[in-house]
Amino acid sequence: MMEPKEACEAGIVLRIEFAERRNALGMGYVQARANFRSAKAPCTVYVVTRELHATPAAAEDEILTIARRQGWGIA
């Protein structure tokens with residue numbers, strides 16, 4: 001596990017965790033997962049990347065996009 005990060009948009013904190021993994025062929029990749037509290041309902045929303053990312057920055061960009069589609073940053 002790599003160092004977790006936090007991002008904040010519209011007062012809503014997104015907690016991001018990264019994991020370095022290897023596929024069956026031994027190729028390394030980075031996966032990100034994150035969670036945030038919903039502003040519209042009393043729940044926590046969890047999101048995860050499904051693609052294989054070469055760098056943590058690429059995984060972070062993807063997880064931010066996915067989280068925004070799920071309502072993060074919308075107050």
Leu64 and Ile16: CA distance, side-chain angles, deciding distance, side chain to side chain contact (heavy atoms under 4.5 Å, CB included) verdict:
CA-CA 9 Å; Leu64 292 174; Ile16 307 168; 4.2 Å; yes
Going by the side-chain hydrogen bond (donor to acceptor under 3.5 Å, both in side chains) test, which pairs reach into residues 50-59, not counting sequence neighbours?
none
CZ on Arg33 to CZ on Arg15, rounded to 0.5 Å:
14.5 Å
Closest heavy-atom pair and its distance - Val30, Ala59
CG1-CB, 3.9 Å
Less than 4.5 Å apart, any side-chain heavy atom of Gln31 and any of Val48?
yes
Residues pairing under salt bridge (charged side-chain N to carboxylate O under 4.0 Å, His left out) where one sits in residues 60-75, two or more places apart or in two chains, turn out to be Lys5-Glu60, Glu9-Arg68
For Ile63, is there any backbone N or O sitting under 3.5 Å from a side-chain donor or acceptor partner on Thr49?
no
Looking only at heavy atoms, which two atoms of Pro4 and Glu17 are closest? And how far apart?
CB-CG, 4.3 Å
Nearest heavy atoms of Ile12 and Gly73, plus distance in Å
CD1-N, 4.0 Å
Residues Val47 and Gln70: closest non-hydrogen pair is CG1-CG, 3.8 Å
State, to 0.1 Å, how close Cys8 and Val13 come at their nearest heavy-atom pair, and which atoms those are.
SG-CG2, 4.3 Å
Using only atom types and a distance under 3.5 Å, with no angle test, would you say the side chain of Trp72 pairs donor to acceptor with the backbone of Phe36?
no
Determine, using the 4.5 Å side-chain heavy-atom cutoff (strictly less than), whether Tyr29 and Phe18 are members of one ILVMFWY cluster.
no
